[in-house]
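Every chain is numbered from 1, with letters handed out A, B, ... down the list of sequences. All values reported here derive from a predicted model rather than from experimental measurement. Values below: all heavy atoms of this structure, side chains included; hydrogens, waters and symmetry mates excluded.
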Amino acid sequence: MYWTKTLIPTMKETPEGAEIPSHVLMLRAGMISQVMAGAYTYLPLGHRVLKKAERIVREEMDAAGAIELAMPAMSPRGLWERTGRVEAFGDVLVQLNLHRPGRKVPVVLGPTHEEIVTELVSRNISSYRQMPITLYQITSKFRNEERPRFGVLRTSEFLMKDAYSFNPSVESLGESYERMYAAYCKIFDRCGLDYLVVEAESGPIGGDASHEFMIPAENGEDAVLHCRACGYAANQEKAEIGSRDWTTPDVELKPLEKVATPGASTIEQVSGFLKCKPAELIKTLIYLADGKPIAVLIRGDHDANEGKIRRACLSAAGTAASINKLELAPPEVIEKVTGAPVGFAGPVGMKEKTPIFADLEIQKMVNAAAGANAADAHLTGVNSPRDFRPDSSHDLRNALDGDPCPRCSSNLSLRQAIEVGHVFKLGTKYSEALAARFLDADEKLHPIIMGCYGIGVNRIVAGLIEISHDGDGIIWPVSLAPYEVLIVPVKVPDEESMAAAERLHDRLAAAGIDVLLDDRDCRAGVKFKDADLIGVPLRVVIGQRGLKEGKLEIKWRWEKESGKIALDGAADQLAKMVREERATGERFRGRQQHNKSLLNAV
RNA sequence: CGGGGCGUGGCGCAGCCUGGCUAGCGCGUCUGGUUUGGGACCAGAAGGUCGAAGGUUCGAAUCCUUUCGCCCCGACCA
């Protein structure tokens, strides 16, 4: 391709509004153009990168035995009502009415395709002999994000690979899951991404049933906890906190004292009032677990983790029944249970007898402060078990940077990350709702057991840029680069230079190399700046100086120094270099030392 | 949905507080010339409903009201 024949609108200045590197660089490199908040046009360069990522995903899915199909973005709303997901998705679901003669057809634009694929399978698979099978597609998804942001990282329309496995047994599901997991590792490796696989909330199947693939990056929206010593990694929702021995500090227990704290109902206000740290306060949260009030005690500077609270309720109840609904109690309930308005609840002297679940940190607290269960008052000198006795103690809070690792004696570090993939054992939620059943070898009818597996293709692209750029622009690995080789004739009007450039271009193209020739008649500096900006891995400069010696100058984007190769046979040599790098990605990876250290950074 | 910020040629901005000649500047674009290995120089040119609507005023980019859009922080995120 010739530069002047395509559309690469590079920009010297950063457009207003773009802040993170991937957004800034995609705009400046002429890869994308915004149409509205959360929707972008992919310009030729961006489109090529997206297609390369898509191809890698497709190749690895095919290699893993998944079968490609294509489902429509549009589907009837009734289908989503049957699984309860019109309500579950809420405003995120994009809905519209098609006007047909004499009626309106309510339609949703798919945010994902469990319903559609499950219905398809329910009509076409009825025997254990037809399974296992994994179906996938790579299509646009629609989610009305309440707040699209960060350029291409969070948009309302995005390209997603979604795969669904259909299995006759939990063991079979495990095998499908492992295959997808392994395929994901290959995909992200090939894309040159350094990633972490983290444990995530597992849902109905339980156990080791959900993993997220995360790229550690400063601008990531997700928080993950990672132990560098043993490799344990989990998202913040899921991360467990290890227990450590501790000793009660040898401090005199102060008497319980009621202190007036008029109007102070938040942790911040109370700690300001009592001149103590949030960590010295006990936060008392009243939840409704399937309608029954419970009190949850968390240290003032910690955040409650609802997943952990759910599990604590279960173990306390001693039943296998799941908690369907866990929600913060409304003010009326709080007043009824504690006898005080919202903001003054405490574990000592609640009006109604309520089960108290304490976080493990609570027992270590000495002379703490807590709500007095009376308006405008708090208690100080609160000590357990002298003043109150929790019904049970559990890990109930979100893990934080520096918390003990649950698997070894080291500590967890908190990292920001971009989620690029998710594998999940779904179970029978959709197959039951949509009657996707099969007959087993004993002629018994069962719901099909499903798994689902997603990859955000746009996020691969943006994520790579986030971790692979410098002050001059993007640094692509060969696998994702819009073009693998950029030919830069220094002086376009010079016939000899252009002839050599064109010849090289044609030969590389014929050899199957993605090659771009910058045939713009402008100063060399402009072309070099743009070359660095768009980040093509291998740059070939053709200048009059070099031509006299029969040499070309070549430079990998990530290297400082350029090298020289002979003009004779240059096409063959360059093609060989590109093919080697395609196969191994070693040169790129070798230059990614800063990212390795990023993965392991504290 | 709360909090904050911004809308002025394609891009980045100044002007607004304190209303007043023909709305400026840099980059880009086009023409001609001189240049030509890391974002050249000279001369000329095109390109604007100052986001939109309403109001105040002799007069509004500027003041007031409403509204639309975009960005950031928070809440939310199968």
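Of the two residues contacting RNA chain B, namely A:F528 and A:E146, the nearest-nucleotide position lying further toward the 5' end is that of A:F528.
Across all strands shown, B:rG7 forms a Watson-Crick or G-U wobble pair with B:rC68, both key distances being under 3.5 Å.
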Polar atoms only, N or O, under 3.5 Å: list the protein pairs with nucleotides 4-9 of chain B and their distances.
from	atom 1	to	atom 2	distance (Å)
B:rC6	O2'	A:E16	OE2	2.5

Table of protein N/O atoms under 3.5 Å from nucleotides 29-36 of chain B N/O atoms:
from	atom 1	to	atom 2	distance (Å)
B:rU35	O2	A:R523	NH1	3.2

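Atom-to-atom, CG of A:L43 to C1' of B:rC11 comes out at 15 Å; the value is rounded to the nearest Å. Computed from coordinates, the A:I32 CD1 to B:rC70 C1' distance equals 14 Å when rounded to whole Å. Straight-line distance from the CZ atom of A:R149 to the P atom of B:rA75: 9 Å, rounded to whole Å. Counting to the nearest Å, the P atom of B:rC68 and the CE atom of A:M36 are 14 Å from each other. Atom-to-atom, NE2 of A:H23 to P of B:rC70 comes out at 12 Å; the value is rounded to the nearest Å.
Ranking B:rG26, B:rG38, B:rC77 by closeness to the A:E13 side chain, first place goes to B:rG26. Distances were taken from every side-chain heavy atom of A:D530 (C-beta onward) to each of B:rC70, B:rC73, B:rG39; the shortest belongs to B:rG39.
Between the side chain of A:R147 and the base of B:rG2 there is no donor-acceptor pair of N/O atoms closer than 3.5 Å.
Of the side-chain N and O atoms in A:Q34, none sit less than 4.0 angstrom from OP1 or OP2 of B:rG69.
Crowding of A:E268 atom CD: a count of heavy atoms from other residues, nucleotides or ligands under 6.0 Å not exceeding 12.
Judged by distance alone, with hydrogens and angles left aside, the side-chain atoms of A:T266 form a donor-acceptor pair with the main-chain N or O of A:Q269 at under 3.5 Å. In this structure, the side chain of A:T6 does not engage the main chain of A:W3 through any donor-acceptor pair within 3.5 Å. No side-chain donor-acceptor contact under 3.5 Å links A:R415 to the backbone of A:H226.
A:P111 comes within contact range of no nucleotide atom at all, as no heavy-atom separation falls under 4.0 Å. In this structure, A:E221 reaches neither bases nor backbone, as no heavy-atom distance under 4.0 Å exists between it and the strands shown.
Using cut-offs of 30° and 60° for the angle between ring planes, the A:Y2 and A:H505 rings count as perpendicular.
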Using distance only, find each side-chain donor-acceptor pair of residues 80-92 of chain A under 3.5 Å and give its atom names and separation, not counting sequence neighbours.
from	atom 1	to	atom 2	distance (Å)
A:W80	NE1	A:S75	OG	2.8
A:E81	OE2	A:R77	NE	3.1
A:E81	OE2	A:R77	NH2	3.4
A:T83	OG1	A:W80	O	3.3
A:T83	OG1	A:E115	OE2	2.5
A:R85	NE	A:E115	OE2	2.8
A:R85	NE	A:Y430	OH	3.2
A:R85	NH1	A:Y430	OH	2.9
A:R85	NH2	A:E114	OE1	2.8
A:R85	NH2	A:E115	OE1	2.8

